[in-house]
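Notes for the one structure printed next.
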Amino acid sequence: MASGSEDERRQAIFATVMAIPPGRVCSYGEVARLSQQPGLARFVGRILGEVDGLPWFRVVRAGGQIAFAQETQKYHEQVSRLVAEGVEIKNGRVQDWKQRYWQGY
DNA sequence: GTGATGACGTAGG
DNA sequence: ACCTACGCCATCA
């Protein structure tokens, strides 16, 4: 898979990220899979940084870890946004990962 | 053209 | 739990 033009792939990723329900989180790798592009987790991260209007804060690393270093501004912004939706974060980690993890409908 | 670099993931020691 | 090695792919020096 993972075929199609780069633009089509970006489109698919955009749609997947937009579909993540509030209060839930998803991993980069899962977003890639749900977008029919298994293995392209890095690509997902790049898109999140380029496109605006996406609920980028709902995407974390596999296992529930926040992708940014704790001392960065990005890290704090992501945490506050997740907390605002009721997602608990502790030591850079999403609590209750299994329940918070969204794997599509 | 080549090698390094990311908002990553999995496998193995 | 920690670390290394690869795989992935667009971008940039």
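Here is how names work: the chains are called A, B, and so on, in the same order as the sequence lines, proteins then strands, and each is numbered from 1.
One atom, CH2 of W56(A), and another, P of dA7(B), lie 13 Å apart when rounded to the nearest Å. R81(A) places its CZ atom 15 Å from the C1' atom of dA7(B), with the value rounded to the nearest Å. Across the protein-nucleic acid pair, L48(A) atom CG and dA7(B) atom P stand 11 Å apart, rounded to whole Å. In this structure, the CD1 atom of I13(A) is 16 Å from the P atom of dC8(C), given to the nearest Å. Atom CG in L40(A) sits about 14 Å away from atom C1' in dG6(B), given to the nearest Å. Atom pair Q65(A):CD and dA7(B):P shows a separation of 15 Å (rounding to whole Å applied).
A pairwise comparison of heavy atoms in G53(A) and M18(A) identifies O-SD, 3.7 Å as the closest pair. A67(A) approaches Y28(A) most closely through the heavy-atom pair CB-OH, 3.3 Å. Listed here is the closest heavy atom pair of P21(A) and Y105(A): CG-OH, 4.4 Å. The heavy-atom pair separating A69(A) from Y75(A) by the smallest distance is O-CB, 3.1 Å.
Here salt bridge (Lys or Arg N to Asp or Glu O under 4.0 Å) pairs that include residues 96-105 of chain A, with residues two or more places apart or in two chains, number zero. A side-chain hydrogen bond (donor to acceptor under 3.5 Å, both in side chains) check over residues 11-27 of chain A, counting only residues at least two apart or in different chains, returns the pairs T16(A)-S35(A), S27(A)-Y101(A).
When atom types are taken as modelled, the side chain of Q78(A) and the backbone of I66(A) share no donor-acceptor pair closer than 3.5 angstrom. Proximity of a side-chain donor or acceptor of H76(A) to a complementary backbone N or O of Q70(A) within less than 3.5 Å is detected.
Contacts with DNA chain B (heavy atom under 4.0 Å) in residues 14-30 of chain A: S27(A), Y28(A), G29(A), listed by number. For the segment residues 98-105 of chain A, no residue has any heavy atom less than 4.0 angstrom from an atom of DNA chain C.
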Walk me through whether V17(A) and W56(A) qualify under side-chain contact (heavy atoms from CB on, under 4.5 Å). CA-CA 7 Å; V17(A) 176; W56(A) 56 270; 5.9 Å; no
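Shown here are the side-chain hydrogen bond (donor to acceptor under 3.5 Å, both in side chains) partners of Q73(A), two or more places apart in sequence or in another chain: there are none. Residues that satisfy the side-chain hydrogen bond (donor to acceptor under 3.5 Å, both in side chains) test with E85(A), not counting sequence neighbours, are R58(A). Under the side-chain hydrogen bond (donor to acceptor under 3.5 Å, both in side chains) criterion, R46(A) pairs with E50(A), sequence neighbours left out. Legend: residues meeting side-chain hydrogen bond (donor to acceptor under 3.5 Å, both in side chains) with R33(A), ordered by chain and number and at least two apart, are E30(A). Applying the ring-ring contact (aromatic ring centres under 6.0 Å, His included) rule to F57(A) yields no partners; only residues at least two apart in sequence or on another chain are considered.
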Atom pairs, protein N/O to nucleotides 11-13 of chain C N/O, distance under 3.5 Å:
none

Check the interface with nucleotides 2-5 of chain B: list each N/O to N/O pair with the protein under 3.5 Å, or write none.
none

Taking only nitrogen or oxygen atoms into account, show me every contact under 3.5 Å that the protein makes with nucleotides 10-13 of chain B, one pair per line with its distance.
none

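Taken from CD in E77(A) to CG in L82(A), the straight-line distance is 10.5 Å, to the nearest 0.5 Å.
Counting only heavy atoms from C-beta outward, the side chains of I47(A) and F14(A) never approach each other to under 4.5 Å.
Across dA7(B) and dC2(C), the matching C1' atoms stand 22 Å from one another, rounded to whole Å.
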